[in-house]
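Sequential numbering from 1 along the given sequence is applied to the chain's residues. Since we're looking at a predicted model, the values are computed, not measured.
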Amino acid sequence: MSAPIVRGLSELRAMVSGWKQSGETVGVVPTMGALHQGHLSLVRAAKDGCDRVIVTIFINPKQFNNPADYDNYPRTEEEDARKLAPFGVDAVYVPDGPTMYPDGFATNVSVGGLTDVLCGAHRPGHFDGVATVVSKLFLQTQADRAYFGEKDFQQLQVVTRLAADLDIPIKVVGCPTIREEDGLAMSSRNLLLSDRARVWAPALNTAMEEMAEGLLAGGDMATLRAKAVAQIERAGFTEVEYLDLRACDTLELLETPSRPARLLAAAWLAGVRLIDNIAVG
């Protein structure tokens, strides 16, 4: 039996109101569908931490820079609902476009600083789209906790900041990246890789792990980065957009892991943009 699907905002709010009146805590897992084990790990965490769990599925046009990328994004609602069924989630909220962005919609949520670097620098407006839709989902679900994967580490920092800045009464919970056996970070975009490209894809994580080891051993950032980029490109990637060491809290660029840090990367493989990050130190 598939998980219950809710499409209307009034229906969702009535459900949540009943739960809240009973003193139950509500968790939300925002997604764009095409669910994989990474998403399901967030659902498990939400089930462990909350009385009620809502999974949202909305492919948000405002966070796509390329219309073709939006058109090609996997749409697998029925399969997603089947995957969620064993978890006993209380609602799968699947709003349509007019529910999220009705006629005359004119508001934009923008988080400064954190969005000026990394993916934000390469995808102008992307994080405005993320921040706007996440703000709406937080308010629509009235959840007590929201669960996001560390795989999209910059996104995790952005949504944590917006909740704090806007006084939205929700705790943002970051959960570990889930990987395939060969080290590739799970992502809905992996479905777009050809069989051949899928074999090459783990080279990104391999190079990053070796670079992190070198940094912890006191190696020079520029030298290690050049070596890693060459290694990634030899594996079949056509472009490394960024490969940076950044402070975990502010995403400030670092040369050494002198404080809690993350190595973050984005690279193109066979027309698919892959991102990854790992803790350093």
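Under the 3.5 Å distance criterion, with hydrogens and angles disregarded, no donor-acceptor pair is assigned to the side chains of Ser41 and Gln37.
A donor-acceptor pair under 3.5 Å is absent between the side-chain atoms of Gln140 and the main chain of Met100, judged by distance alone. Between the Ser188 side chain and the Ala34 main chain, a donor and an acceptor come within less than 3.5 Å of each other. Put simply, the side chain of Ser17 never gets that close to the backbone of Arg13: no donor and acceptor are under 3.5 Å apart. For Asp90 (side chain) and Val53 (main-chain N/O), a donor-acceptor pair under 3.5 Å exists by modelled atom type. Judged purely by atom type and a 3.5 angstrom limit, Glu241 has no side-chain atom pairing as donor or acceptor with the backbone of His122. The closest donor-acceptor contact from the side chain of Thr31 to the backbone of Thr56 lies under 3.5 Å. In this structure, Thr141 contributes its side chain and Leu137 its backbone to a donor-acceptor pair below 3.5 Å. One N or O on the side chain of Asp182 and one on the backbone of Leu184 form a donor-acceptor pair closer than 3.5 Å. Between the side chain of Thr177 and the backbone N or O of Ala185 there is no donor-acceptor pair closer than 3.5 Å. The backbone N or O of Ala197 lies less than 3.5 Å from a partner atom in the side chain of Ser194, making a donor-acceptor pair.
One finds a salt bridge joining Arg179 and Asp276 here, because a Lys/Arg side-chain nitrogen approaches an Asp/Glu carboxylate oxygen to under 4.0 Å. Taking a cutoff of 4.0 Å between a charged side-chain nitrogen and a carboxylate oxygen, Arg7 and Glu11 do not qualify as a salt bridge. Looking at Asp144 and Lys20, a side-chain N of the basic residue comes within less than 4.0 Å of a carboxylate O on the acidic one, giving a salt bridge. The existence of a salt bridge linking Asp220 and Arg225 is excluded, since no basic side-chain nitrogen approaches an acidic carboxylate oxygen closer than 4.0 Å. Salt bridge status for Arg75 with Asp80: absent, with no side-chain N to carboxylate O gap under 4.0 Å.
Atom CD of Glu77 sits about 9.5 Å away from atom CD1 of Ile59, to the nearest 0.5 Å. Rounding to the nearest 0.5 Å gives a distance of 5.5 Å between CG of Leu274 and CZ of Phe237. Note that CG of Leu162 is 11.5 Å distant from CD of Gln157, once rounded to the nearest 0.5 Å.
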| task | Show your reasoning for whether side-chain contact (heavy atoms from CB on, under 4.5 Å) applies to Arg246 and Val117. | result | CA-CA 10 Å; Arg246 299 266 174 178; Val117 298; 3.6 Å; yes

| task | I would like to know whether Leu35 and Leu84 meet side-chain contact (heavy atoms from CB on, under 4.5 Å); could you show each step before the answer? | result | CA-CA 9 Å; Leu35 303 183; Leu84 291 169; 3.7 Å; yes

| field | Trace of the side-chain contact (heavy atoms from CB on, under 4.5 Å) decision for Glu78 with Arg82 | value | CA-CA 6 Å; Glu78 291 184 7; Arg82 285 195 296 271; 4.1 Å; yes

| field | Intermediate values then yes/no, salt bridge (Lys or Arg N to Asp or Glu O under 4.0 Å), Arg161 and Asp249 | value | CA-CA 10 Å; Arg161 182 79 263 163; Asp249 52 355; over 6 Å; no

| message | Lys151 vs Met186, test: side-chain contact (heavy atoms from CB on, under 4.5 Å). Steps then yes/no. | response | CA-CA 8 Å; Lys151 184 226 156 203; Met186 289 189 179; over 6 Å; no

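The residue from Tyr70, Tyr101, Tyr73 that alone fulfils the side chain to side chain donor-acceptor pair (under 3.5 Å) condition with Asn60 is Tyr101.
Taking the six-membered ring for Trp, Phe58 and Tyr93 have ring centres at least 6.0 Å apart.
No more than 12 heavy-atom neighbours from other residues, nucleotides or ligands sit within 6.0 angstrom of NZ on Lys227.
When all heavy atoms are compared, the tightest approach of Gly214 to Leu224 is C-CD1, 3.4 Å.
Under a hydrophobic-cluster definition in which Ile, Leu, Val, Met, Phe, Trp and Tyr are linked whenever side-chain heavy atoms come within less than 4.5 Å, directly or via other members, Ile232 and Leu118 are assigned to different clusters.
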